[in-house]
Engineer: 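Got a structure here, written out as structure tokens. Questions coming.
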Number of protein chains: 2
Amino acid sequence: MHVRRPATLASLAAELGVSRTTVSNAYNRPDQLSPELRRRVLETARRLGYPGPDPVARSLRTRKAGAVGLLLTENLSYAFRDPAALGFLEGLALACEGAGQGLHLVPVNPEREDVAAVHRAGVDGFVVYSVPDDDPHLAAVLSRPVPTVVADQPTVEGVDRVGIDDKAAITALADRLIALGHRRIGVICMRLARDRNDGFVSVDRQHSAHFHVQRSRLAGLQGAFGAVGVDWARVPVVERFDHSTASGASAAAQLLDADQDVTALICTSDILALGALTEAKRRGLRVPQDLTVTGFDGIPDGERVGLTTVRQPVLEKGRAAGKLLLASVDPTRPREITLDTELVLGSTSAPPRTADERWFGP
Amino acid sequence: MHVRRPATLASLAAELGVSRTTVSNAYNRPDQLSPELRRRVLETARRLGYPGPDPVARSLRTRKAGAVGLLLTENLSYAFRDPAALGFLEGLALACEGAGQGLHLVPVNPEREDVAAVHRAGVDGFVVYSVPDDDPHLAAVLSRPVPTVVADQPTVEGVDRVGIDDKAAITALADRLIALGHRRIGVICMRLARDRNDGFVSVDRQHSAHFHVQRSRLAGLQGAFGAVGVDWARVPVVERFDHSTASGASAAAQLLDADQDVTALICTSDILALGALTEAKRRGLRVPQDLTVTGFDGIPDGERVGLTTVRQPVLEKGRAAGKLLLASVDPTRPREITLDTELVLGSTSAPPRTADERWFGP
DNA sequence: AATTGGTTCTGAACCGTTACGGTCAGTCCA
DNA sequence: TGGACTGACCGTAACGGTTCAGAACCAATT
């Protein structure tokens, strides 16, 4: 009795006295050999415990891994807790499933800049979701000779992209608030760069933000409110590194502490807005009578509380990213997909109270 | 000008006039060559557009794919919508991330029995989550010569496993309801086999269920209630193929239509229980005064409404599965991990009304 | 009898890399 | 001066398949 080395296609062929080609054909091209021989091959395979052609060896030869890589430079918990990210993930997974492709989640340690995992991933292409412009992992992905689709951000020259028109979307929201009469606003946004900066944001930092999505939304707000004479340099903008309701709450607190006269809190995500709502409640501020709060994304929890927000088709975005990537062989495919968004007017927005009302009640 | 074939390690070596080994070492073992030469190699690589060693070829040679496969035989939307599955996924992802391993979601079309994707996945091991005993994909996974960990179900001889003690957990719950005085109960469970059977379940089907988890829970209930003289054959058990609140609601409706005297609805998942609560409300039944409803899992939405349930550590389960798999080289590791559960007494359970109360009010 | 066509199977090249066991020149030490 | 040791590099042999051009054979057609 000897140590049994796992059977290979070659050993199986030897056992049967046929060529490796024939064994290979038994698995991949049944029409290339007689049914009888094929039966024998398969039966012998079973007997020898041969599990079928090795996927890695096959991938090497065929130059196809049968999987799509997904890169997100966040703590993984983010992807599984943030409903927007989750919707994207689901859409992407559905697209992959539909094409029989695996979905390979690239392990990224957000702390360390270890790019090796990107180089180690045996995939036919990458989807990159919402990473900063200067992310080293993104650079590693782009250095690999496989098609890539970027979702949301960043915009990279010559790389396919799926996203929404962030600026237009938030402009619609801003215009609505302006129409309601809001001029004194505060903004709560997600992280703008890879460094942690939990606090107020200079206009300069806003403009040089490494997250295109956040940059666009802030720019949209600046444009809309600037058009009605609001001096953007005086608009308080608070940034939070972590994307959570707790962050939203603390940011709202920080902002309201600094500026009591704010009539509307515009948050660049629903999660942050939900936190802001909590903080407003804690302070005894009635929403929307005393304070308007808005979000961005259109997540179920936001809908539940009637949050005024911009709804974006997250699942569709993921699916589109997957389809775009998997259609990379087709030169006529679109290089960029911009999905529609929808302004959702909920019950968290209303005209601001007048100064009189603020002091003497409605 | 010729079509530039992508550079390989060999072409790079040729260009430099060194051996392939040396180029390989430049990437993998910097200490094996002089810093100067290494610099030249890397620089030439950049110049030639060589993206570093091909991951697939490397995997073939090293016999390591650097990824863990995850098999779940459900509509993928299930995995991304069911909070319990999601928690598992997150835990598993964290374990993988911690070990620098990718997580490869195997694309399974639940409709077709296409096992090819399992054979095509270049992974170092599999985690199988909650599939039926007789699942062909599971068989395909087991036929592959890589370590495998099964989560929740099924129990396969000689295969590592992570799970909870379903029977004990639900017995604790049942004992509690029994102590409260419930004898006339109804049960709503998830699918028991791969065929769709939306309706009442014979005892026979219960016992031959292909989902070990459901089988154990039903058996636990039968044992507990049998011990106090309840004739299990008369206990209505309703099965639903789809796991959704809508299913829970319709199952509750079907059950309450058939048996008005039921004082408690025991659901084998929180999702189903939430649906049952909706249906109870629709009928004007007050919970828990008129009807006790219980779940299983301990998901956030359940906690929010105060659902009486069994909480299981889903994230920890995922993490444990990952760790167990990644520790496969260690022969001293445990072969089976059973995690603790916790009975959560919420506000959806109370003593049953007496017959008098039922007719004349409390 | 020669040609054609079809089926079934084979041989050799190739996919791009890393493991393993060297070689070789130079240094150190007695 | 000679032997052991070290650092830097190389050659060969896998790793386990797929592919493609043909070989061999047989039956049917010309």
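Worth saying up front: this structure is predicted, and the values here are computed from it rather than measured. So you know, we letter chains A, B, ... as the sequences are listed, proteins then strands, and number each from 1.
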Engineer: Could you check which of dT8(C), dG16(D), dT17(C) has an atom nearest any side-chain atom of Thr8(B)?
Structural biologist: dT17(C)

Engineer: With sugar-phosphate meaning primed atoms plus P, OP1 and OP2, does Leu60(A) contact a base, only sugar-phosphate, or nothing at under 4.0 Å between heavy atoms?
Structural biologist: base

Engineer: Taking salt bridge (charged side-chain N to carboxylate O under 4.0 Å, His left out) as the definition, give me every residue that meets it alongside Glu90(B), ordered by chain and number, with sequence neighbours left out.
Structural biologist: Arg81(A)

Engineer: Run Leu92(B) and Arg319(B) through side chain to side chain contact (heavy atoms under 4.5 Å, CB included) and show every step you take.
Structural biologist: CA-CA 5 Å; Leu92(B) 177 58; Arg319(B) 198 199 303 263; over 6 Å; no

Engineer: Should Tyr27(A) and Leu42(A) be marked as a side chain to side chain contact (heavy atoms under 4.5 Å, CB included) after you check the CA-CA gap, both sets of side-chain angles, and the distance that decides it?
Structural biologist: CA-CA 8 Å; Tyr27(A) 285 94; Leu42(A) 265 34; 4.1 Å; yes

Engineer: Side chain of Arg20(A), base of dG17(D): donor and acceptor closer than 3.5 Å?
Structural biologist: yes

Engineer: Over how many whole Å does the gap from Leu33(B) atom CG to dT6(D) atom P extend?
Structural biologist: 19 Å

Engineer: Looking only at side-chain N and O atoms, does Thr22(A) come under 4.0 Å of OP1 or OP2 in dC9(C)?
Structural biologist: no

Engineer: Does a donor on one side chain and an acceptor on the other come within less than 3.5 Å for His212(B) and Asp133(B)?
Structural biologist: no

Engineer: If you compare every side-chain N and O of Arg58(A) against the phosphate oxygens of dC15(C) (OP1, OP2), does one of them come in below 4.0 Å?
Structural biologist: no

Engineer: Between dC9(D) and Thr21(B), is there an OP1 or OP2 to side-chain N/O distance shorter than 4.0 Å?
Structural biologist: no

Engineer: Write down the distance between CG (Leu9(A)) and P (dA14(D)), rounded to a whole number of angstrom.
Structural biologist: 17 Å

Engineer: Rounded to the Å, how far apart are Asn28(A) CG and dT19(D) P?
Structural biologist: 7 Å

Engineer: Do any side-chain nitrogens or oxygens of Ser19(A) fall under 4.0 Å of OP1 or OP2 in dC9(C)?
Structural biologist: no

Engineer: When the distance from CG of Leu37(B) to C1' of dC9(D) is rounded to whole Å, what number comes out?
Structural biologist: 8 Å

Engineer: How about Ser130(B) and Val213(B): do any of their side-chain heavy atoms sit closer than 4.5 Å?
Structural biologist: no

Engineer: Which whole-number value in Å describes the distance from Glu36(B) CD to dG7(D) C1'?
Structural biologist: 16 Å

Engineer: Indicate yes or no: does Arg161(B) engage Asp152(B) in a salt bridge with an N to O separation below 4.0 Å.
Structural biologist: no

Engineer: Does dG16(D) have OP1 or OP2 under 4.0 Å away from a side-chain N or O of Tyr27(A)?
Structural biologist: no

Engineer: When you measure only distances, ignoring hydrogens and angles, does the side chain of Thr62(B) come within 3.5 Å of the base of dA19(C) through a donor and an acceptor?
Structural biologist: no

Engineer: Atom CZ of Arg38(B) to atom C1' of dG7(D): distance rounded to whole Å?
Structural biologist: 16 Å

Engineer: May I ask you to check whether over 12 heavy atoms, not counting those of Arg29(B), lie within 6.0 Å of atom CZ?
Structural biologist: no

Engineer: Estimate the overall bend of the helix from dA1(C)-dT30(D) to dA30(C)-dT1(D) from the end axes over five pairs each, rounded to 10 degrees.
Structural biologist: 50°

Engineer: Taking only N and O in the side chain of Asn25(A), is any of them less than 4.0 Å away from OP1 or OP2 of dT8(C)?
Structural biologist: no

Engineer: Taking only residues two or more places apart in sequence or in another chain, which ones pass ring-ring contact (aromatic ring centres under 6.0 Å, His included) with Tyr78(A)?
Structural biologist: none

Engineer: Tell me what Arg29(A) touches on the nucleic acid: a base, only sugar-phosphate, or nothing, going by heavy atoms under 4.0 Å.
Structural biologist: sugar-phosphate

Engineer: Rounded off to whole Å, could you give me the CZ-to-P distance for the Arg40(A) and dT8(C) pair?
Structural biologist: 15 Å

Engineer: Looking for any heavy atom pair under 4.0 Å, which part of the strands does Val56(B) touch: base, sugar-phosphate only, or nothing?
Structural biologist: nothing

Engineer: Within the pair Arg61(A) and dA13(C), is there a side-chain N or O less than 4.0 Å away from OP1 or OP2?
Structural biologist: no

Engineer: Rounded to the nearest angstrom, tell me the gap between atom CG in Leu16(B) and atom P in dC9(D).
Structural biologist: 11 Å

